[in-house]
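Encoded as structure tokens, the structure appears first; notes follow it.
Both counts, for ligands and for their atoms, begin at 1 and track the order of listing. Remember, it's a predicted structure, so these values are computed and weren't measured experimentally.
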Amino acid sequence: MTVVSIEKQGDIAVVTVDNPPVNALSQALRQGLWDAAERLDADPGVRAVVLACAGRTFIAGADVTEFGKPPVPPHLPDLVARIEAAAKPWVAAIHGSALGGGLEVALGCRFRVAAAEASLGLPEVTLGIVPGAGGTVRTPRLVGVEAAVDLVTTGKPVRAARAQALGLVDAVIEGDLLPGALAFAAEALTRPLPAPLSSRAVTPPEPGFWDRAEPATAKAAKGAAAPLRALACLRKAAEASFDQAMAFERETFLDLRGSTQAAALRHVFFAERAAPRPAALRDVAPLPLARVAVIGGGTMGAGIVAALREAGLPVALIERDAEAVERGLANVASIFDGAAKRGKLTPERAAALRQGVTGSTDYATLAEADLVIEAVFEDIAVKRAVFDQLGRVCRADAVLATNTSYLDPRLIAEGLANPGRFIGLHFFSPANVMKLLEIVPVPETAPRTLATGFALARLLKKIPVQSGICEGFIGNRILKRYRAAAEALVRRGVPIDRIDAAMRGYGFAMGPFQAQDLGGLDIAHLQREGARAAGQDVPETLGDILVRAGRKGQKTGGGWYDYAPGERQPQVSPTVAALLAPAVTPGAAMTGPEIAAALVAEMAAEGRAILAEGIAESPAAIDLVEIHGYGFPRWRGGPMFASGA
Ligand code: 3HC
Ligand code: NAI
């Protein structure tokens, strides 16, 4: 297949890259671009070159699938230098995304122009590496050190308008990109050319800049190694020669490429890309979603409404009485208003989002709904009554979903007419923020209903993971084992605060006990009490002892820790020590890494059981659940990856 073609428009050559799906810089593409530079330099009829891409995007980066293999020439840094040294100026015409190596190729061009919707960035740190083809060396020469540090250490792309404001692109083209780029090139030839980036100097940053940037970068990285290494490359670029900085960047890139963190982040990258489109559903068309409804406007219902609104859908919200409708609408409004207050939404957008929600108590309004998501109390009788009504008023092909956390979806669906339309869609709190969506089919669920669940996840930009039916599905089942294992350590005498500190040290934002204090200990306790009342043998947990003593978490002023009134900072609690003393055998001495290793091993062990039972489809699916639903550090790859599963 020809990945690079050349066509002449008068004295300007258009080099077109066509390497679907995302024009990644495979060896063939690098060679094709190299050959094009050679050929066009030798062509006296060509005065300038426009580099454009076919398909949905500009070059989206190095080919990540080549990262595990030995590099084959031409190497990317050499290709960028070759384009930069071309006898005729190259103009990168960017649409879609110019990311990583794609942006580095564009930085080798003498000019860059972009379509208004384009985005540009150096996301390498999100893959555990640093830019490997001059990104850290040329970017500060173009946009200054401060902007370069922002781009490279966060890995966050910027849109075309911002890129232009930074100086990363020379022009934003409104209308058709290629004619705009050709006109830009023709105009550029009438003026003296700017110096190539490699021969420009870096303007030194303000005094004290690096002393501030280092701790700030380390804090934001939360244990990931690449951002600080990228910062070191940028500092080198500011303080050493171009060639020395290039050598330093290359050395850092090659060192990190083989690191465990990079392997973990690549694993997550590919798992995330595979998740929204399971192979088994490739030929199944989802139901188009235009009219959607949510039943119950509490914590979860309001969050789900917000997520649906943000994806552009009008939403009907059904509650049990007029007062509850008002409360539900107020819950939704407070999500949007809060976002507006924090500057995340304009007040106008918040108002528009609010206005797209219609509250009602009348199920008859759902006759034409395509999808209804139930988020009422976690009570089988209440849920069944809801589905009984839905079954009667909704279309036979409408998708009817439950957001239950722990109830068996098969029991909720019992007696429902056309059960092929039923499915579990388990959102995580806050539902408009958390990326994970567990999709739980029952045996009767039709492929189209399942495909609609995945289509919904794509629409909401969530990471879907299919789960079989068991108590707690994938995520909460592992959470239960994790918490039980943490309690077991407390029983052996490991201090509560040391366990939490160990998990923070591992990369979690919070340890298991602090997290329970935040969410409340009472829900899990009530569940255990329910099971005991039903005759099940559920052993007493340490959490039960605390709840019985009135310690339900932050909301009661204390749980596993004490909290000063109005404070969220956990304090080690002598009361808790006294309450738990009879259950604790002092003596175990464990270091932080030993504690973390033990608890992650428990998570992975539960993950293996889940796989053996066919509840999860792959270790990667379990890793996605933990990373996107439970704060497992992304750069560790998830419990299965971290445990070598
Ligand atoms: N290498 C190899 N394959 C890639 C790839 C890459 N850099 N980027 C995307 N793909 C593949 C995906 O795995 C997926 O494959 P599939 O169809 O077989 O599942 C396919 O391309 C389409 O990807 P998406 O589903 O993500 O497509 P979208 O249209 O939603 O998004 C995108 C397009 C914004 C370009 C997104 O794919 C993306 O962000 N890609 C990663 C870009 C990146 O991180 N680049 C930097 C690489 S590191 C680098 O360049 C190092 C350099 O400095 C030396
Ligand atoms: P909640 O108590 O905050 O809200 C429930 C809402 O449902 C209330 O507003 C109530 O008025 C309404 N409701 C009750 N009966 C109704 C009926 N017959 N018709 C219409 N509305 C009715 O509860 P929450 O936390 O939002 O949980 C809802 C569901 O989501 C539960 O199944 C829960 O297990 C699940 N879930 C909860 C999560 C959480 O973190 N809170 C996370 C994931 C799922």
Side-chain angles (χ1 to χ4, degrees), residues 19-26 55-67 71 75-77 80 96-105 119 121-136 152 155 157 249-250 253 257 262 265-266 269-277 279 294-304 317-321 323-325 327-328 331 361 363 373-386 389 402-407 412 424-431 434 436 438 458 461 473 475-476 519-520 523 527 629:
N19 188 26
V22 296
N23 294 316
L25 285 155
S26 62
R56 63 201 210 226
T57 178
F58 191 75
I59 300 167
D63 189 336
V64 179
T65 59
E66 285 184 358
F67 278 10
H75 302 301
L76 193 54
V80 175
S97 306
L99 297 175
L103 180 54
E104 290 172 307
V105 167
S119 61
L122 292 163
E124 282 85 346
V125 294
T126 65
L127 289 164
I129 54 174
V130 296
T136 67
V152 177
E249 181 196 77
R250 189 73 185 161
F253 171 80
R257 202 176 67 158
L265 288 162
R266 277 200 299 278
F269 174 87
F270 285 114
E272 283 174 350
R273 269 159 185 79
R277 290 183 177 78
V294 174
I295 315 289
T299 310
M300 289 309 288
I304 296 168
L317 172 62
I318 302 284
E319 263 286 355
R320 46 194 172 140
D321 55 42
E323 211 178 291
V325 170
R327 224 177 20 244
N331 289 342
T361 54
Y363 280 75
I373 303 171
E374 165 277 309
V376 303
F377 299 140
E378 185 77 337
D379 179 312
I380 187 78
V382 178
K383 288 196 191 283
R384 274 196 181 166
V386 167
Q389 301 211 56
T402 176
N403 181 47
T404 184
S405 306
Y406 287 100
L407 297 173
I412 299 176
L425 292 178
H426 186 217
F427 290 79
F428 289 71
S429 182
M434 296 297 286
L436 179 63
E438 280 181 329
R458 294 196 291 274
K461 299 196 166 56
F473 310 129
N476 283 342
I523 299 171
Q527 233 178 338

Write none if no such pair exists; otherwise list each N/O atom of ligand 2 with its protein N/O partner under 3.5 Å and the distance.
| residue | atom | partner | partner atom | Å |
| --- | --- | --- | --- | --- |
| ligand 2 | 3 (O) | Thr299 | N | 3.0 |
| ligand 2 | 3 (O) | Thr299 | OG1 | 3.2 |
| ligand 2 | 9 (O) | Gly298 | N | 3.4 |
| ligand 2 | 9 (O) | Glu319 | OE2 | 2.5 |
| ligand 2 | 11 (O) | Glu319 | OE1 | 2.8 |
| ligand 2 | 11 (O) | Glu319 | OE2 | 3.2 |
| ligand 2 | 11 (O) | Arg320 | NE | 2.9 |
| ligand 2 | 11 (O) | Arg320 | NH2 | 3.3 |
| ligand 2 | 21 (N) | Glu319 | OE1 | 3.3 |
| ligand 2 | 26 (O) | Thr299 | N | 3.3 |
| ligand 2 | 26 (O) | Met300 | N | 2.7 |
| ligand 2 | 30 (O) | Asn403 | ND2 | 2.9 |
| ligand 2 | 32 (O) | Val376 | O | 3.4 |
| ligand 2 | 32 (O) | Glu378 | OE1 | 2.5 |
| ligand 2 | 32 (O) | Lys383 | NZ | 2.7 |
| ligand 2 | 34 (O) | Glu378 | OE1 | 2.9 |
| ligand 2 | 34 (O) | Ser405 | OG | 2.9 |
| ligand 2 | 36 (N) | Ser405 | OG | 3.1 |

[atom1]-[atom2] distance between [X] and [Y], expressed to the nearest 0.5 angstrom:
| X | Y | atom1 | atom2 | value |
| --- | --- | --- | --- | --- |
| Leu99 | Asn23 | CG | CG | 11.5 Å |
| Ile373 | His426 | CD1 | NE2 | 12.5 Å |
| Phe428 | Asn476 | CZ | CG | 6.0 Å |

Would Val80 and Val105 count as a side chain to side chain contact (heavy atoms under 4.5 Å, CB included) here? Give the steps. CA-CA 5 Å; Val80 175; Val105 167; 4.2 Å; yes
Would a 4.5 Å heavy-atom cut-off, applied to side chains only, mark Asn331 and Thr299 as touching? no
Taking the side chain as C-beta and beyond, is there a heavy-atom pair between Phe269 and Thr126 under 4.5 Å?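 They are not in contact (no side-chain heavy atoms under 4.5 Å apart), so the answer is no.
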Between ligand 1 and the protein, find all N/O pairs closer than 3.5 Å and give the distance for each.
| residue | atom | partner | partner atom | Å |
| --- | --- | --- | --- | --- |
| ligand 1 | 1 (N) | Ala62 | O | 3.4 |
| ligand 1 | 1 (N) | Val64 | N | 2.9 |
| ligand 1 | 7 (N) | Ala62 | O | 2.8 |
| ligand 1 | 26 (O) | Arg273 | NE | 2.8 |
| ligand 1 | 27 (O) | Arg56 | NH2 | 2.7 |
| ligand 1 | 29 (O) | Arg56 | NE | 3.0 |
| ligand 1 | 29 (O) | Arg56 | NH2 | 3.1 |
| ligand 1 | 39 (O) | Arg273 | NH2 | 3.4 |
| ligand 1 | 45 (N) | Ala60 | O | 2.8 |
| ligand 1 | 50 (O) | Ala62 | N | 2.8 |
| ligand 1 | 50 (O) | Gly101 | N | 2.7 |
| ligand 1 | 53 (O) | Glu104 | OE1 | 2.7 |
| ligand 1 | 53 (O) | Glu124 | OE2 | 2.5 |
| ligand 1 | 53 (O) | Gly132 | N | 3.0 |

All side chain to side chain donor-acceptor pair (under 3.5 Å) counterparts of Glu374, not counting sequence neighbours: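 Residues passing side chain to side chain donor-acceptor pair (under 3.5 Å) with Glu374: Lys383, Thr402.
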Sequence-distant partners of Glu378, side chain to side chain donor-acceptor pair (under 3.5 Å), two or more places apart: Thr404
Do you know the tightest heavy-atom contact between Arg250 and Gly132?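 That closest heavy-atom pairing would be NH1-O, 3.1 Å.
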